[in-house]
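Okay, structure first, notes after.
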Amino acid sequence: MRALPVISSALEGAVRELGVEQPPNPELIRARNPEYGDYSSSVAMKLARLLRQPPPQIAARLARRLELEPASAEAVGGYLNFRLRTSWLQALVRSAAADEGYGSSELGAGERLQVEFVSTNPTGPLHIGHGRGAILGDVLCRLLDFTGHRTEREYYVNDYGTQAQKFGASLLARLRGEEPPEGGYTGEYVIELAQAARRDLPGVEARPEPEAVAALAEYGAARMVERFRATLGRIGVRYDRWFSERSLWERGTAPAAIERLRQRGYLKQAEGAVWFAPGEEEAGEEVEDRVIFRRDGSHTYLASDIGYLVDRFLERGYRRVIEVWGADHHGYVPRMKAVARALGIDPERLVVILIQMVTLKEGRMSKRQGRFVSLDELVDRLGVDALRYFYLLRSPEAPMEIDPALATAQRFDNPVYYAQYAHARLFNVERTAVETHPGLPADADVSLLQLPWELALAREISFWPDTVEQAARLLEPHRLPYYVHQLAEAVHAFYNAGNEDPALRVVVPDPALTRARLELCRAARNTLRLALGLMGVAAPERM
RNA sequence: GCGCCUGUAGCUCAACGGAUAGAGCGCAUGCCUGCGGAGCAUGAGGCAGCAGGUUCGACUCCUGCCAGGCGCACCA
């Protein structure tokens, strides 16, 4: 049950009846002020010039044509305000209580798409910036699945390039008791990993250098991936596939893709290297040619990425691929789009979400070393639910600052508990109701729901599908926690009425009234459960 | 120098070009033998970085400045 699409199409029809051939988008928005109802539209003002009539007159004419089941229409000045009808809200409560997939839709019409996220080099630990990408990507997938897309989660493992080699060389150096080579990896974890390699690959350091480096590179990448899997698993992030860069070369996908570019005339030979040289049309925003094979014959990351694009769009055939990248990679967006065009792939099918940096605010004593705080450490300090909630609260383009001291100290004031508590509370009410009235009727008479806070809660519940749709359409998961908070607020207000006056509680002497209010509790609880579920945050039955 | 992102309450951040810009934290004042107060109610706090422009209407779109972050490899 949804009001918005009904109102929207009726409004569009009404505008057409006024003789407007191409009606502007009805542009229904959630009314900000309850005085203005629940949804409002400003079409009348947009039509004023076209129809040569003052907006209030147009709004009034439209209102007269709109006799809708979900909502009443009223012209106020140039605005058209819609107020959800009590009868509709009551019916919605029943439907939202019963529907285990309330808010899900077929918006995506089965579109197959891939979301690739985190995909950091397996040469160092995950830090707090990666955590943000992990949660964003994960919730995006949950959201897209919920709205009728067929989503696959993928991690692209850079296990084959220059960096992998350097990592292998660094491990070898540590095994031999030396310092890592110039440009190598120096972290503590390299030493630990070298010790593990001594166990798992006995005598590797004695083998010829290229062979030892290759073996250690492979070993190191595999072990790092294991760690990633464990850390991401801790925060509820799982992948359908860990895709190996190496496999693009072993199966010949990358060379074939590059050959395809050559045949289309987008490669050039210069300064001993092979370059990707898009024509002006393909280049778009990309300004320079880029090396694919270096002078020494080794390939760059771009060479693999060309293969990866072909693999996903032309071989696996995803309709869209959504990439979640750190903002420090924004310069590659035009590059990848140029490659896509050169390969004959519509660049619109490649969607890149850039997430701004995560920094950590520490006391003034310590230098800001935000990016070096490991994700595991942050999980330890915040817990999974709070961590996910906090990450989701920010839109991707907003830089994010975490104050760990505050976040830790606030543990019990965290907004996530506010929502979880609302859920647990509703569960508890249900328990009390069943104990008090062992023989409650199976069906609720929802027409007994009349009080302002009851209808306010029902109204909030009715907005859930709108929220889901908008978040999915705009690829903006951060809308979820804001909705959850509003819903939880309505739940607490509804509950609290019973503290003022026992007659206003859910559990009252009258079984029919109890049953009706219980239905509202169930609708709210179901919606909270679904919303928290999409965020990957627990919806506990007791706390 | 060029490019991308961001400047909104004391702090951290929201709001498909619409009416009086909202939350959380912090602050102030009430409400605890309760269907679990991890809650509720009320309040203070804003010249939306600055200056122009487009529009009936701009926090939102455009231009120019200012400030911060991030990029500009034969690293990924």
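Remember, it's a predicted structure, so these values are computed and weren't measured experimentally. Below, read A as the first sequence line, B as the second, and so on, with proteins coming before strands; counting in each chain starts at 1.
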Correct closest heavy-atom pair for A:Tyr391 and A:Ile128 would be OH-O, 2.6 Å
For A:Val506 and A:Leu518, the nearest pair of non-hydrogen atoms, with its separation, is CG1-N, 3.9 Å
Out of B:rU6, B:rC74, B:rA19, minimum distance to the side chain of A:Val291 belongs to B:rC74
Picking from B:rG24, B:rG36, B:rC5, the nucleotide nearest the side-chain atoms of A:Gln356 would be B:rC5
[N] pairs with which nucleotide, Watson-Crick or G-U wobble, both distances below 3.5 Å?
N: B:rG71; value: B:rC2
N: B:rC16; value: none
N: B:rG26; value: none
N: B:rG64; value: B:rC50
N: B:rG37; value: none
N: B:rA9; value: none

For the pair made of [atom1] in [X] and [atom2] in [N], what is the distance, rounded to whole Å?
X: A:Arg479; N: B:rA15; atom1: CZ; atom2: P; answer: 5 Å
X: A:Phe494; N: B:rG36; atom1: CZ; atom2: P; answer: 13 Å
X: A:Asn33; N: B:rG18; atom1: CG; atom2: C1'; answer: 13 Å

If you measure from the ring centre of A:Tyr495 to the centre of the six-membered ring in the base of B:rG39, is it under 5.5 Å, with the planes under 30° apart? no
Quiz item: Does the side-chain ring of A:Tyr482 lie flat on the base of B:rA15, meaning centres under 5.5 Å and planes less than 30 degrees apart?
Solution: no
B:rC40 glycosidic conformation (syn if within 90° of 0, otherwise anti) is anti
Ignoring backbone atoms, test whether [X] places a side-chain nitrogen or oxygen under 4.0 Å from the OP1 or OP2 oxygen of [N].
X: A:Asn499; N: B:rC32; result: no
X: A:Arg425; N: B:rG36; result: no
X: A:Tyr417; N: B:rA38; result: no
X: A:Arg30; N: B:rC16; result: no
X: A:His478; N: B:rA15; result: yes

Students often get this wrong, so: under 4.0 angstrom with heavy atoms, is A:Glu35 touching a base, only sugar-phosphate, or nothing? base
Please classify the nucleic acid contact of A:Ser395 as base, sugar-phosphate, or nothing, using heavy-atom distances under 4.0 Å. sugar-phosphate
> Under 6.0 Å between the ring centres of A:Tyr308 and A:Tyr301?
Replying inline: no
